[in-house]
Amino acid sequence: MQPLFLYNTLLRKKEEFKAINPPFVGLYVCGPTLYSDVHIGNCRTFTSFDIMYRYLLHIGYKVRYVRNITDVGHMENEDAATGEDRIGKQARLKQLEPMEIVQRYSFGFREVMSLFNILPPSIEPTASGHIIEQIEMTQKIIDQGYAYEKDGNVYFDVEKFSKTNNYGILSGRNLEDQLNNTRDLDGQEEKKGRLDFALWKKAKPEHIMRWNSPWGEGFPGWHIECSAMSKKYLGETFDIHGGGMDLIPTHHTNEIAQNIGCCGAAPVNYWVHTNMLTLNGQKMSRSLGNVFLPAELFSGMKLAEDSPSATPSQAKLNGKHPLFEKAFSPMAVRFFMMQTHYRSTLDFSNEALQASEKGFERLMEAYKTLQTIPASTTSSEDVKGIEAKCYAAMNDDFNTSVLIAELFDVVKIINSTNDRKTQLTQADIDLLKTIYQHFVFDIMGLKIETENDKTTVVLDKVIHLVLDIRNDAKTNKNFSLSDKIRDNLNSAGVTIKDGKEGSSWKI
RNA sequence: GGUCCUGUGGCCGAGUGGUUAGGCUCAGCUCUGCAAAAGCUGCUACUCCAGUUCGAACCUGGACGGGACCUCCA
C-alpha cells in the first residue's frame, strides 16, 4: 500500500492516512441539493473527490463512498422566520410535487456526472429516505441533553455543547468571536443561543413536505441528514469526510457537534475540503448569480426540449456561454480542473481553458503514438523513475498538478522516441502504457473522446483512402492537388499530420 | 467590523531554505516541396520594505493588492 499523505482540515496540515479498518475506507462527501441544475463549481468538488476515490481504489483500498442527495430540509435563510425549504419553494413556484423537482434535477445531475466521467458513489442516499434515522438521532441528542424542543422545533444547544467540547474545532473560530459577530436575525427569540441550529423544524400549514415526529409534524434540519446517513452507512466514526470549503464553518461544524452530541464520538478522522471555483476572480455561487452550467460550456451536449433530462435552462444552451469563444469537451474541462490543486482556487477563463485543451490533446496524441513506437535493445530513459514520481505526486495530498507535469515528461519521451532521438526497450514501452492506463485513465479518469462507433471506423478508412491519393500526388510532385486535398480536409475540420511513417489525421 | 487564506515570468499554475516545475503563448532552428505536427533552443519569474540566515520567492514582522468565511452556497 502506498503511503498516502493528505491535508486534514482539523489539524491544518498534511498527515499520513491511516484507515480505521484497512483495507476498508469509509468516505462521505456532501452531495448536491437538487433544487436547480448543478453548476461548474459543484462539478469541481465532485471531480476532486472522484480523483481521491479513484486513487484510493487504485492503491488497493476497498472504499465505501457515500454521497448524499439533499431533497429536503435545506433551508433558505435558515434562521429567519421566513425561512423556506429550497425544494419546497421550487415546487410551489413551478406548481409541481417536490419529488418532481428532485427527479428532474437528478436526471441532469447524473448526466453531468457521467459526462465528466465521475464514478458513481457506492451509496447515494437521500435525506427524505432517512427521516426515521434523523428523528432517532435528534431524539438521542435530546436525551443526551444537547438539544431542546420549543414549540415543535428542536434546536441544538451550542452553548451547552461548548462547555465540554470545542465547537469551533474545524473552523478554527472561538465561540466568543462567533457570538459577537453573528448578525441579528429574525426568529431568534425561541432559540436559547444565537448559534443554536435546527435539528427539526415545525411545518407551517402551507409546507408540503412534512412528517410525523415526537415533536409534531415537521421536517428535518439540513445538517442532521449527513450525520444520520454517514452514521448509518459508515459508522459512528469513519475515515474521510469531504465537501467544499464553504461548508466548514456551518454544516461540517454542526455535523461534528451532532455526532458527539449523539454518540460521544467525533464522526471523522480526516476532513478534506476543496477550494472554490472563481470566475474573473470572484467566487462562483448561486447567491452572486455568476454561476454557469456544464451545458453552457460543453460541445455536443444537445438536450431536446422535451427530454426528461433537459431542465429548461440546459435545453437552450449547448456550449454557448458569452465568456467563452468556443465550446469545450467535458474531458478538456476535467483536465483543466486537475491542473490546479484541489485546495487552490481555480479561476475559469477562456484563455486558461484553451491552453488546457491543447495540453490535453497533446497528452492524448502521445498515447496514440505510444502504440506504434519502435522498441530498442536498450533504453536511454528512466521510465521506472517517472512512475515512482507519479506515485509520489499523488501520495502528496493528491497533487494532480505535479502528476500532470510528470506525465508531460512521458509525452516528451514518447515523441522523441518516435523521432528516433531516444530509445526504449519493449519493457519500458509496456511500462509507459501501464503508466497511461493507471494515471491518465484510471486515476485522473480521462478518456479518449473519439467514439469507436461504426461511422468513425468508416470515416477513418475513407480519410486514409484520401490520404493515399494525396500521397500519390505528392510523389508525382502534383502539389496543387495534394494541397487542395489538405486544405479541403482542413476546412472540413480534419487536420493532417505528415510524419516520417506517413500521414495521420485528427478532427 | 472580526477570523482566515493569498500575491510566482505574456497567460494559467506547482513548488521547496541553496538544484529545470509543467501547460499555453511568442521567437529562432531541425525535419518537410510548402504548411501542420513533432523535436531542440531562447524568453528564467517569484508585490514592496525590513529582519533571521553563509544563503530566502520559500521563515519572521510590516505595508499595499486580491480572495474566502462570519447569512444559503460545492
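Among the protein residues, A:L277 comes within range of the nucleic acid bases, having at least one heavy atom under 4.0 Å from a base atom. Looking at heavy-atom distances under 4.0 Å, A:A405 makes contact with a base. Residue contacts shown for A:L247 are limited to sugar-phosphate atoms, with no base heavy atom under 4.0 Å away. The residue A:G243 sits close only to the backbone: its heavy atoms come under 4.0 Å of sugar-phosphate atoms, none of a base. Using a 4.0 Å heavy-atom cutoff across all strands shown, A:K477 reaches no nucleic acid atom at all. Within the nucleic acid shown, A:M284 comes within 4.0 Å of at least one base atom, counting heavy atoms only.
Taking a pair as Watson-Crick or G-U wobble with both distances under 3.5 Å, RNA chain B forms stems of 3 or more consecutive pairs at B:1-7 with B:64-70, B:10-12 with B:22-24, B:26-30 with B:38-42, B:47-51 with B:59-63.
With 3.5 Å as the limit, one finds a donor-acceptor pair spanning the side chains of A:T422 and A:S416. With no hydrogens or angles considered, a side-chain donor-acceptor pair links A:T70 and A:N68 at under 3.5 Å.
A straight line from CG of A:N350 to P of B:C11 spans 16 Å, rounded to a whole angstrom. Remark: C1' of B:U20 and NZ of A:K389 are 10 Å apart, rounded to the nearest angstrom. Counting to the nearest Å, the C1' atom of B:C70 and the CG atom of A:L170 are 15 Å from each other. Taking atom CD1 of residue A:I413 and atom C1' of nucleotide B:C40, one finds them 16 Å apart after rounding to whole Å. The distance from atom CG of A:L467 to atom P of B:A37 is 17 Å, rounded to the nearest whole Å. We find that CG of A:L403 is positioned 15 Å from C1' of B:G13, with the value rounded to whole Å. Atom CZ in A:F398 sits roughly 17 Å away from atom C1' in B:A14 (whole-Å rounding). In this entry the distance linking NZ of A:K13 with C1' of B:C5 reads 19 Å, nearest Å.
In this pair, A:F408 does not lay its aromatic ring on the base of B:G22; centres under 5.5 Å and planes under 30 degrees do not both hold.
Note on ring orientation: taking the six-membered ring where Trp is involved, the planes of A:F441 and A:Y367 are perpendicular (angle over 60°, cut-offs 30° and 60°). Between A:F360 and A:F335, the two ring planes are tilted [angle within 30° to 60°].
Within 3.5 Å, no donor on the side chain of A:R486 pairs with an acceptor on the base of B:A36, nor the reverse. Side-chain N/O atoms of A:T45 and base N/O atoms of B:A74 include a donor-acceptor pair closer than 3.5 Å. The base of B:G13 does not come close enough to the side chain of A:D347 for any donor and acceptor atom to sit less than 3.5 Å apart.
Using a 4.0 Å cut-off between a side-chain N of Lys or Arg and a carboxylate O of Asp or Glu, A:D483 and A:R470 do not qualify as a salt bridge.
Comparing the P positions of B:A14 and B:U8 gives an interatomic distance of 11 Å, to the nearest angstrom. With both ends at atom C1', the span from B:G55 to B:U41 equals 31 Å, rounded to whole Å. The same atom, P, is picked in B:G10 and in B:C43; the two are 13 Å apart, to the nearest Å. Here the separation of B:C26 from B:A35, taken at their P atoms, is 16 Å to the nearest Å. Using C1' as the reference atom, B:C58 and B:U25 are 28 Å apart when rounded to the nearest Å. A gap of 34 Å separates the P atoms of B:A21 and B:U32, to the nearest Å. Taking the C1' atom of each, B:G62 and B:U52 are spaced 15 Å apart, rounded to whole Å. B:U6 and B:U60 are spaced 10 Å apart, taking the P atom of each and rounding to whole Å.
A:K433 NZ: more than 12 foreign heavy atoms inside a 6.0 Å radius. Atom CD of A:E15 has more than 12 heavy atoms from other residues, nucleotides or ligands within 6.0 Å.
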Going through the distances and angles, do A:K14 and A:D396 end up as a salt bridge (charged side-chain N to carboxylate O under 4.0 Å, His left out)? CA-CA 8 Å; A:K14 290 180 205 169; A:D396 183 18; 2.8 Å; yes
Passes side-chain hydrogen bond (donor to acceptor under 3.5 Å, both in side chains), A:S376 versus A:Q423? Steps please. CA-CA 6 Å; A:S376 304; A:Q423 297 80 43; 5.7 Å; no
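Between B:G15 and A:N399, a contact under 4.0 Å exists linking OP1 or OP2 to a side-chain N or O. Residue A:R343 places no side-chain N or O under 4.0 Å from the OP1 or OP2 atom of B:G13. Close to B:C24, at under 4.0 Å from its OP1 or OP2, lies a side-chain N or O of A:R362. In terms of phosphate contacts, A:N415 brings a side-chain nitrogen or oxygen within less than 4.0 Å of OP1 or OP2 of B:G39. Proximity of A:S344 to the phosphate of B:A14: a side-chain N or O atom is located under 4.0 Å from OP1 or OP2. Remark: A:K358 is in phosphate contact with B:U25, judged by side-chain N or O atoms under 4.0 Å from OP1 or OP2.
Each of B:C24, B:G33, B:A14 was ranked by its minimum atom distance to the side chain of A:R470; first place goes to B:G33. Here the nucleotide nearest the side chain of A:P249, chosen from B:C69, B:G33, B:G39, is B:C69. Listed candidates were B:A74, B:G15, B:U25. Nearest to the side chain of A:D246 is B:A74. The A:R173 side chain lies nearest to B:G2 when the options are B:A74, B:G2, B:A21. For A:H39, whose side chain is taken as the heavy atoms from C-beta onward, the closest listed nucleotide among B:G13, B:G33, B:A74 is B:A74. Listed nucleotides: B:G33, B:A14, B:G39. Nearest to the side chain of A:T340: B:A14. Here B:C12 is the nucleotide among B:A74, B:C12, B:A21 with the atom lying nearest to any side-chain atom of A:F336.
Where A:S416 and A:G172 meet RNA chain B, the nucleotide closest to each residue was compared, and A:G172 sits on the side nearer the 5' end. Mapped onto RNA chain B by nearest heavy atom, A:F46 and A:V402 fall at different nucleotides, with A:V402 at the one closer to the 5' end.
The side-chain tip of A:K326 points at the ring of A:F328 from less than 6.0 angstrom away and within 45° of straight on.
When ring centroids are compared, A:Y270 and A:H241 stay outside the 6.0 Å threshold.
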